[in-house]
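Note sheet for the following structure.
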4 protein chains.
Amino acid sequence: MTIHINTDTKTLQLNNKRSENSGRLLVKCPDQPGIVAELSKFLFDHESNIVESSQYSSDPEGGTFFIRLEFHCENLPEKREQMEADFQAIAGRYSMEYRFAYGSERKRTAIFVSKEPYCLMELLWEWQNGDLETDIAVVISNHEVARPMVEALGIPFHYIPANKDIRKQVEEEQIRLMEEYDVDLLILARYMQILTPEFVEHFPNQIINIHHSFLPAFIGARPYERAFDRGVKLIGATSHYVTNDLDEGPIIEQDIERVDHRDDVVELKKIGRQIERRVLAKAVKWHLEDRILVENNKTIVFH
Amino acid sequence: MTIHINTDTKTLQLNNKRSENSGRLLVKCPDQPGIVAELSKFLFDHESNIVESSQYSSDPEGGTFFIRLEFHCENLPEKREQMEADFQAIAGRYSMEYRFAYGSERKRTAIFVSKEPYCLMELLWEWQNGDLETDIAVVISNHEVARPMVEALGIPFHYIPANKDIRKQVEEEQIRLMEEYDVDLLILARYMQILTPEFVEHFPNQIINIHHSFLPAFIGARPYERAFDRGVKLIGATSHYVTNDLDEGPIIEQDIERVDHRDDVVELKKIGRQIERRVLAKAVKWHLEDRILVENNKTIVFH
Amino acid sequence: MTIHINTDTKTLQLNNKRSENSGRLLVKCPDQPGIVAELSKFLFDHESNIVESSQYSSDPEGGTFFIRLEFHCENLPEKREQMEADFQAIAGRYSMEYRFAYGSERKRTAIFVSKEPYCLMELLWEWQNGDLETDIAVVISNHEVARPMVEALGIPFHYIPANKDIRKQVEEEQIRLMEEYDVDLLILARYMQILTPEFVEHFPNQIINIHHSFLPAFIGARPYERAFDRGVKLIGATSHYVTNDLDEGPIIEQDIERVDHRDDVVELKKIGRQIERRVLAKAVKWHLEDRILVENNKTIVFH
Amino acid sequence: MTIHINTDTKTLQLNNKRSENSGRLLVKCPDQPGIVAELSKFLFDHESNIVESSQYSSDPEGGTFFIRLEFHCENLPEKREQMEADFQAIAGRYSMEYRFAYGSERKRTAIFVSKEPYCLMELLWEWQNGDLETDIAVVISNHEVARPMVEALGIPFHYIPANKDIRKQVEEEQIRLMEEYDVDLLILARYMQILTPEFVEHFPNQIINIHHSFLPAFIGARPYERAFDRGVKLIGATSHYVTNDLDEGPIIEQDIERVDHRDDVVELKKIGRQIERRVLAKAVKWHLEDRILVENNKTIVFH
């Protein structure tokens with residue numbers, strides 16, 4: 001079953017055209033005067049028009065400077081190589097860490113899911129709707145539940161049973177698939193398996209998880225049960241990059257809903273699902289649009 | 001300086017009249033069929049009209065039943081003694097814990113504050129505005145900062161310096177003042193001193209604190225600093241009854257605001273103050289209106 | 001394609017058992033003392049245990065009284081006829097308008113949709129998830145877009161082209177289908193056609209619409225465009241019962257999201273879709289759970 | 001009575017130092033490539049370090065470009081004259097409308113208030129707390145209610161009775177006071193008088209009002225009463241610049257709170273007061289920090 005979402009074809013073509021010639025430059029370097037002048041002159045000299053610019057300095061004196069520049073450049077695909085070559089001089093002079101990203105190169109995504117498909121469904125829905133700048137390359141699950149909805153959209157689905165005892169083989173197979181499908185981003189859309197440090201280190205700041213609590217409250221298992229036991233008046237969800245400290249990775253987005261004494265654990269989970277869906281979808285969207293920089297286990301998100 | 005808030009005198013008199021004849025009955029007992037019938041018949045037989053009714057059962061089968069009935073009864077002040085006497089038979093039959101409360105008997109409040117007066121100011125403002133059903137009997141502080149604004153409103157202010165070494169004497173003096181002023185509720189409006197178990201046990205479910213985080217995240221000291229370090233995208237505040245487990249008492253109300261990477265600790269505190277003000281004011285209001293029942297370290301709040 | 005949502009079978013059976021024996025009584029009558037006593041005694045005498053009770057009086061003196069009682073009664077399906085017969089005496093005495101509803105009789109729903117299926121999808125998703133107490137009897141659309149996703153779930157789909165000129169025939173056909181499918185509730189899930197007064201009068205307080213603005217702002221067509229032109233900082237959605245005053249029917253639920261100057265109309269629509277989805281789903285849920293009473297073009301919603 | 005708010009003196013001195021050398025440049029011009037390069041080079045050449053930068057283009061092709069640059073420059077007070085002189089060449093070349101603003105020159109504010117002082121109180125509180133970058137030059141009221149709290153803070157208070165018949169004289173007196181006190185911004189903190197077109201034209205985009213509804217819903221008088229009659233589930237408040245179309249000026253900020261059927265008009269007003277307080281305070285703060293640009297009756301707010 002392919003769901004045909006209504007779209008305005010003309011708008012779409014225009015968007016494609018635009019995105020083909022759109023680029024992003026993300027830079028991090030020690031703060032000092034003149035960086036913005038340098039970068040904006042560079043783009044101007046390369047016939048690029050800045051369409052969006054966001055910057056942040058951890059401290060104007062002696063801090064770290066971060067900037068995200070979104071630019072438009074006619075015939076960018078032909079010019080980008082030269083542009084990147086020319087940029088090296090500036091980068092060296094200012095000790096910049098940087099990356100270029102291009103609208104013409106959509107990131108490739110893998111979604112990992114277990115039994116509960118609601119976060120996956122939300123992502124598929126946003127994707128069909130044109131709201132996620134990505135190619136969903138593959139969905140991997142330790143259950144068969146999600147297969148029909150994934151395959152109906154023409155996306156490859158791989159069933160890899162998983163448990164503690166076979167973790168090593170499972171992860172080897174997963175890493176192989178990530179390579180085979182040339183994946184840039186892994187989304188844990190309620191994938192209820194622990195990942196080994198080896199696996200995580202393979203994908204630094206490339207794995208986004210959704211945790212079903214407002215971290216750092218209720219780190220670990222069964223957060224809704226523990227929220228119920230504690231009698232909180234708000235429940236939440238947190239999406240974050242995965243590191244090897246459980247639920248301690250850089251937070252990308254969080255949100256909450258109000259609950260009260262009448263809400264039992266089943267009801268908390270229902271309410272929570274709505275939060276998880278939208279929080280994960282936002283985090284993924286921002287990652288795909290290169291809006292997130294990671295520094296000291298925290299994120300800078302340029303909305 | 002007395003701040004004269006604009007009020008509609010006619011409305012006020014009507015409200016006073018109404019509150020004189022208004023009563024509340026709060027009941028907790030093992031759930032079984034017929035309780036509501038029994039209670040509503042009792043009130044009807046005592047010429048009382050139910051104006052608000054809220055109930056909750058932890059489990060219809062074998063659970064605990066909670067109800068809050070707000071009623072109107074002409075000449076209630078004369079009738080209440082008889083009513084309470086008559087109620088004992090029902091209470092016995094159903095093993096009820098219960099309490100009657102009367103609009104004619106406003107609760108008496110003590111506010112404890114340290115250097116930062118914003119939560120105190122919010123409470124004073126709500127109180128002047130007629131939104132808190134209480135007589136503020138006394139304000140106690142370990143600093144002199146709040147004295148002028150308190151005394152300007154004709155409220156007694158007691159300065160009691162406090163520190164770890166003299167805690168025992170300080171608390172004895174405080175307890176003496178609570179008795180002298182005949183206080184029903186203690187509000188810790190940013191009172192930055194630890195209370196001893198002896199003090200806390202003196203006032204079970206009678207001390208409301210405001211903690212500057214969305215508990216159970218950031219229990220203990222310096223929650224804004226720790227929120228900043230963790231890079232959360234939401235900060236919050238929690239009001240709760242004080243027990244002898246630090247920041248672990250029954251939660252009454254919580255709320256949050258969105259923050260981002262640009263907000264340093266100073267900014268988090270500014271934003272947080274707004275949350276603390278409204279969260280504490282709500283919790284206090286609900287306590288004063290007898291809307292809160294405590295069970296198993298959780299609250300049932302009948303809005 | 002049938003999407004199999006993970007559910008806990010044991011919980012489900014218990015829920016079914018419970019809902020078979022669960023009933024609701026909704027009452028509206030002139031306020032006077034003793035109503036609650038009367039109703040709760042009635043239920044007790046009919047071996048029914050009240051599990052949820054919500055009431056509201058427009059004015060304790062001379063106002064209108066509303067109550068929703070949810071009760072549990074063993075073997076309710078066998079007893080309900082007698083119960084209803086017995087209730088007539090009380091109803092007469094207090095001039096009550098009332099209705100009984102039963103967990104064993106799920107309401108039957110028709111969903112109307114045009115080209116954009118996102119509200120439909122949300123309802124289908126909630127329904128599959130067990131969160132909507134209804135049988136979705138039929139989906140009707142003036143486009144073919146939604147057919148695959150509807151039929152994949154085994155729900156009949158009827159394509160009825162619609163335009164101004166053939167409105168009369170279209171509505172006759174629709175009414176015929178409503179009767180054929182024995183429908184209790186019509187949901188306009190972004191059905192972009194005007195309904196005639198005749199059609200609307202056929203289904204009083206039985207048609208729920210989602211309007212894409214926070215009414216009464218932006219009544220009528222193109223609310224997102226007008227929100228953009230006005231430069232509002234919040235956009236919203238409103239679900240309401242349909243009456244013959246366009247967008248003026250009783251409001252059931254509203255919500256908003258924050259927007260800013262960067263959001264063009266396309267972006268407003270994207271953000272708005274998320275609001276519309278959740279607002280409509282909530283309104284429908286509350287209707288199905290008999291939580292809504294309509295009075296003077298306003299709703300009383302007993303959450 | 002002067003309320004001494006606890007502040008960290010060292011932080012304050014540092015802030016003062018910083019703000020003395022901090023400047024802002026706001027620019028609006030036809031969009032074209034190279035503007036950011038030009039502006040950032042200009043600031044760099046004038047030894048100014050950009051600490052915050054926000055930009056927006058209504059359309060990258062043929063649209064209007066807006067930018068707000070916040071910069072730090074040692075000894076800015078001595079250098080600013082030269083800087084402004086040098087800027088004219090750039091401004092001419094790009095057809096820029098622009099303004100410089102300086103941390104060393106706090107805007108001067110007049111607050112207008114009628115009987116209800118809660119919005120005034122919030123502003124005074126924020127101001128004492130160091131959160132409003134302004135000198136409150138004068139408070140003007142058609143009632144005496146607010147006098148004590150204003151004079152206690154050492155702020156001049158002028159009582160000018162107002163009504164329809166004497167509007168012309170009243171406004172002449174007010175304009176005279178605005179000149180006498182050298183006021184940059186007028187805040188209508190619940191000033192319940194209509195202003196004449198002559199008065200409004202005197203202060204273009206310099207008068208901020210708080211309207212007690214989420215505009216464009218409930219334009220005009222008695223919005224809470226009308227919200228109650230309509231049965232909305234959210235009430236709101238809107239702060240906007242005053243123009244000569246009643247409640248139609250550029251919206252700066254809006255917010256809402258949830259209400260339900262139990263909230264009568266008195267309760268709506270209570271809830272609404274909290275919204276009005278925070279919405280007005282935010283709008284004023286952003287204006288004072290030169291974060292707002294007005295274009296086509298809409299605001300661009302650079303948070």
Side-chain angles (χ1 to χ4, degrees), chain A residues 14-15 17-19 21-23 25 27 29-74 76 79 90 93-94 103 257-260 300-303, chain D residues 14-15 17-19 21-23 25 27 29-74 76 79 90 93-94 103 257-260 300-303:
Chain A
L14 189 59
N15 283 342
K17 188 87 194 306
R18 278 194 182 160
S19 71
N21 287 322
S22 84
L25 172 55
V27 171
C29 64
D31 201 358
Q32 70 177 84
I35 303 171
V36 178
E38 191 79 58
L39 293 172
S40 49
K41 185 172 182 307
F42 172 84
L43 288 173
F44 180 64
D45 290 347
H46 286 77
E47 296 170 313
S48 298
N49 194 15
I50 298 171
V51 291
E52 201 179 320
S53 167
S54 310
Q55 64 177 80
Y56 168 70
S57 178
S58 63
D59 190 336
E61 295 170 47
T64 303
F65 178 81
F66 304 85
I67 193 165
R68 177 188 184 272
L69 293 157
E70 187 157 339
F71 56 91
H72 177 89
C73 177
E74 288 299 312
L76 181 57
K79 293 181 190 161
I90 294 176
R93 205 170 333 128
Y94 289 87
E257 288 284 338
R258 197 160 277 284
V259 298
D260 71 26
I300 293 152
V301 183
F302 290 126
H303 296 279
Chain D
L14 189 59
N15 283 341
K17 188 86 195 307
R18 277 196 182 159
S19 72
N21 288 322
S22 84
L25 171 56
V27 172
C29 64
D31 201 358
Q32 69 176 86
I35 302 171
V36 178
E38 189 80 58
L39 294 172
S40 49
K41 183 172 183 307
F42 172 84
L43 289 173
F44 180 64
D45 291 345
H46 287 77
E47 295 170 315
S48 297
N49 194 14
I50 298 171
V51 291
E52 200 179 321
S53 167
S54 310
Q55 63 178 79
Y56 168 69
S57 179
S58 63
D59 191 335
E61 295 169 47
T64 304
F65 179 82
F66 304 85
I67 193 166
R68 176 189 185 271
L69 293 156
E70 187 156 340
F71 57 91
H72 176 90
C73 176
E74 288 299 313
L76 182 57
K79 292 180 190 162
I90 294 175
R93 206 170 333 129
Y94 289 87
E257 288 284 339
R258 198 160 276 283
V259 297
D260 70 27
I300 293 151
V301 183
F302 290 125
H303 296 279

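All values below were derived from every heavy atom in this structure, side-chain atoms included, with hydrogens, water molecules and symmetry-related copies excluded. Keep in mind that this is a model prediction, so the values were computed, not measured. Residue numbers start from 1 in every chain, and the chains themselves are labelled A, B, ... in the order their sequence lines are given, proteins ahead of strands.
Crowding of A/Glu47 atom CD: a count of heavy atoms from other residues, nucleotides or ligands under 6.0 Å not exceeding 12.
Note that CZ of A/Arg258 is 10.5 Å distant from CZ of D/Arg258, once rounded to the nearest 0.5 Å.
Contacts of A/Ser53 with chain D are made by both backbone and side-chain atoms, with heavy-atom separations under 4.5 Å. Proximity to chain A is absent for every atom of D/Glu38, based on heavy atoms less than 4.5 angstrom apart.
Summarising the geometry of D/Ser40 relative to A/Ala37, their closest heavy-atom pair is OG-CA, 3.1 Å, with the distance given to 0.1 Å. Smallest separation of non-hydrogen atoms from A/Gln32 and D/Asn49: O-OD1, 3.9 Å.
Counting heavy-atom pairs closer than 4.5 Å to chain A, the top residue among D/Tyr56, D/Phe71, D/Phe44, D/Phe65 is D/Phe44. Highest contact tally toward chain D, considering only A/Pro33, A/Ser54, A/Ser48, A/Gly34, is held by A/Pro33 [criterion: heavy-atom pairs under 4.5 Å].
Here the options are D/Leu69, D/Leu39, D/Ile50, the test is side-chain contact (heavy atoms from CB on, under 4.5 Å), and the partner is A/Val36; only D/Ile50 passes.
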